[in-house]
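Sequence positions, counted from 1, serve as the residue numbers for this chain.
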Amino acid sequence: MLDQIHWLAAVTVLGVLEQAYFFLQVIYARRLFGISPPKISGPPEFERIFRAQVNSSEYFPIFLALLWQAGLFFHQGLAAALGLLYLYARYCYFMGYKASPSERLAPIYFSAGVLWILIAVSALGILHFFLSHYVGLNVLQLLTA
């Protein structure tokens, strides 16, 4: 079974490390700008870093759920590749937002597109499972016949 999920597990660990990196960036920014918790406001440079981290954290559970569903029900390799694309886009989003609000836009749209693809792949995989398991209809065999 582990050979069916090792890529998903690796991308999950990379995602957790990325989230930790974003958290550390907020800690460093708090120190740099002298902003103690629980305050979340300060100079625009701090607020952009803080918002980028919070936004990334809000989407992380959605990403993980879709990554694993797509990997388990459709194809582990495709899901892992999409997961790596998503993590890269989120990193670009974070760094872009840190620099300027306008530089976050292209990466956020790209990462949202990857999430939509993961949704589609997950839905197709789950639909195929239900059709083959409960209805006895193997769509892949019908397509290749």
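Atom CD1 of I40 has 12 or fewer neighbouring heavy atoms from other residues, nucleotides or ligands inside a 6.0 Å radius. Y59 OH: 12 or fewer foreign heavy atoms inside a 6.0 Å radius. Summarising the local packing, OH of Y88 is surrounded by 12 or fewer heavy atoms from other residues, nucleotides or ligands at distances under 6.0 Å.
Side-chain atoms of I49 and Q53, non-hydrogen and from C-beta on, never get closer than 4.5 Å to each other. Side-chain contact between S36 and R30: absent, with no pair of heavy atoms (C-beta onward) separated by less than 4.5 Å. Side-chain contact between N138 and H128 is present, with heavy atoms from C-beta onward closer than 4.5 Å.
A continuous path of Ile, Leu, Val, Met, Phe, Trp and Tyr side chains, each step under 4.5 Å between heavy atoms, connects I62 with L124, placing both in one hydrophobic cluster. Connection of M95 to L87 is not established within any shared hydrophobic cluster, with ILVMFWY side chains joined at heavy-atom distances below 4.5 Å, either directly or through further cluster members. Placement of L85 and W7 in two distinct hydrophobic clusters is found when ILVMFWY residues are connected by side-chain heavy-atom separations under 4.5 Å, directly or transitively.
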N/O donor-acceptor pairs under 3.5 Å from side chains in residues 106-118, not counting sequence neighbours:
{"from": "S111", "atom 1": "OG", "to": "P107", "atom 2": "O", "distance (Å)": "3.3"}
{"from": "S111", "atom 1": "OG", "to": "I108", "atom 2": "O", "distance (Å)": "3.0"}

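Taking all atoms of both residues into account, the shortest heavy-atom contact from L8 to Q76 is N-OE1, 3.5 Å. G125 and F74 get closest at one heavy-atom pair: N-CD1, 4.0 Å. Scanning all heavy atoms of the two residues, the minimum distance from Q69 to S122 falls at CB-OG, 3.6 Å. Of all the heavy atoms in P43 and I35, the pair that sits closest is CD-CD1, 3.7 Å. Between V11 and A80, the closest heavy-atom pair is CG2-O, 3.7 Å. Taking each heavy atom of R48 and A99 in turn, the nearest pair found is NH2-O, 3.4 Å.
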* **side-chain contact (heavy atoms from CB on, under 4.5 Å) assessment of L24 paired with I27** => CA-CA 5 Å; L24 287 173; I27 292 170; 4.3 Å; yes
* Steps toward side-chain contact (heavy atoms from CB on, under 4.5 Å) verdict (E58, N55) -> CA-CA 5 Å; E58 290 171 345; N55 291 347; 3.7 Å; yes
* Derivation of the side-chain contact (heavy atoms from CB on, under 4.5 Å) call for E18 and L14 -> CA-CA 6 Å; E18 181 177 69; L14 286 174; over 6 Å; no
* To do: Go through the steps to decide whether Q25 and K98 satisfy the test side-chain contact (heavy atoms from CB on, under 4.5 Å), and finish with yes or no.
  => CA-CA 10 Å; Q25 293 303 301; K98 185 177 175 180; 3.1 Å; yes
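One finds the CG atom of L84 at 9.0 Å from the CG atom of L67 (value rounded to the nearest 0.5 Å). The CG atom of L127 sits 9.0 Å away from atom CG of L137, with the distance rounded to the nearest 0.5 Å. Summarising the geometry, atom CD belonging to Q19 is positioned 5.0 Å from atom CZ belonging to F60; distances are rounded to the nearest 0.5 Å. Distance check, rounded to the nearest 0.5 Å: CD of E103 to SG of C92 gives 11.0 Å.
A donor-acceptor contact closer than 3.5 angstrom links the side chains of T12 and W68. Between the side chains of E47 and S41, not a single donor N or O lies within less than 3.5 Å of an accepting N or O.
Judged by distance alone, the side chain of H6 and the main-chain N or O of D3 form a donor-acceptor pair under 3.5 Å.
Through direct or indirect side-chain contacts shorter than 4.5 Å among Ile, Leu, Val, Met, Phe, Trp and Tyr, V13 is connected to L17.
Each ring-ring contact (aromatic ring centres under 6.0 Å, His included) pair with one or both residues in residues 21-40, not counting sequence neighbours, appears once here: F22-F94.
Test Y91, F63, Y93 against Y86 for ring pair (Phe, Tyr, Trp, His ring centres under 6.0 Å) and you get one pass: F63.
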